Amino acid sequence: MPTFGHDPTQPMTANTPLIEARGLQKWYDGDRVHALRGLDLSVGRGEVLAIMGPSGSGKSTLLQLLGALDEPSDGELLFDGKAIRGQRELASFRSRHIGFVFQSFYLIPTLTALQNVQVPMLGQIRSARERTARATQLLESVGLGKRLNHHPKEMSGGERQRVAVARSLANSPALLLADEPTGNLDSQNAKRILQVLLDVHDHFDTTLIIVTHDGSVASRADRVVHMLDGSCQEASAAEAATVQNV
Ligand code: ADP
């Protein structure tokens with residue numbers, strides 16, 4: 001793995017949780033859908049957290065709020081002790097601190113692997129040479145050094161997801177959010193992607209939050225929370241691994 005730790009110019013406070021949700025509420029369609037109902041959650045620096053729960057329980061909504069892709073209707077989100085709500089430039093905040101991996105990869109089909117990984121760097125790293133070098137190293141670190149100039153359609157599902165993981169690390173995020181990252185993969189590729197994510201966590205001390213239906217993924221987490229009807233409660237990893245919650 002290359003040495004892409006968090007930006008040392010951005011101090012992280014050792015004893016504060018990396019991300020903390022207090023009384024999060026989310027309504028959609030006016031007040032018709034109450035997706036999150038006063039949810040509290042605290043995630044420590046360097047922690048691996050799995051979020052499980054049935055479809056419709058609010059997992060994706062929570063991940064979108066934690067990733068500052070959307071704002072809560074009420075409640076507070078703190079990142080490194082500071083409120084996220086009201087950040088003047090949410091997009092820039094996201095690209096500096098947060099990486100995303102989704103079930104559907106969301107690679108740009110007309111771009112090569114190398115170009116896809118550089119997309120989040122645009123606006124953050126000025127030098128094209130530096131962007132190329134960094135993207136190359138990231139792709140090498142996920143075992144795709146020989147696929148730099150391939151387009152997504154020339155790669156397998158597992159390879160595409162590895163490109164997506166490399167892209168998520170473009171700006172050395174402190175927090176990596178993964179929404180069903182193994183959901184579209186066969187068991188061998190799913191295992192490999194999980195290992196890549198855990199390697200990222202081990203090497204960079206990245207805080208990792210994974211939404212998953214897969215008990216074997218959850219069993220590798222430090223902590224598991226179960227969501228039900230817009231609230232969450234803690235479960236041990238061992239407990240979670242035995243739960244069928246699709
Ligand atoms: P999960 O990820 O656990 O399947 P979601 O967070 O996607 O749950 O959804 C929680 C609830 O919010 C569901 O009732 C869902 O239909 C609703 N919901 C999610 N996104 C939207 C949206 N953009 N507009 C309206 N309702 C939504």
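Note that ligands are numbered from 1 as they come in the structure, with each ligand's atoms numbered from 1 the same way. The structure presented is a predicted model; accordingly, all values stated were derived computationally and were not measured.
A salt bridge does not link K26 to D74: none of the charged side-chain nitrogens sits closer than 4.0 Å to a carboxylate oxygen. Between E20 and R22 a salt bridge is recorded (basic side-chain N to carboxylate O distance below 4.0 Å).
A heavy-atom cutoff of 4.0 Å around ligand 1 is satisfied by the protein residues Y28, D29, V33, A35, P54, S55, G56, S57, G58, K59, S60, T61.
Side-chain contact check for Q115 versus T110: every heavy-atom pair is 4.5 Å or farther apart. Residues L194 and I210 are in side-chain contact: their nearest non-hydrogen atoms beyond the backbone lie under 4.5 Å apart.
Partner of D199 under the side chain to side chain donor-acceptor pair (under 3.5 Å) criterion, out of Q195, H201, H203: Q195 alone. A side-chain contact (heavy atoms from CB on, under 4.5 Å) with Q161 is found for one member of V101, N189, V142, N184 and no other, namely V101.
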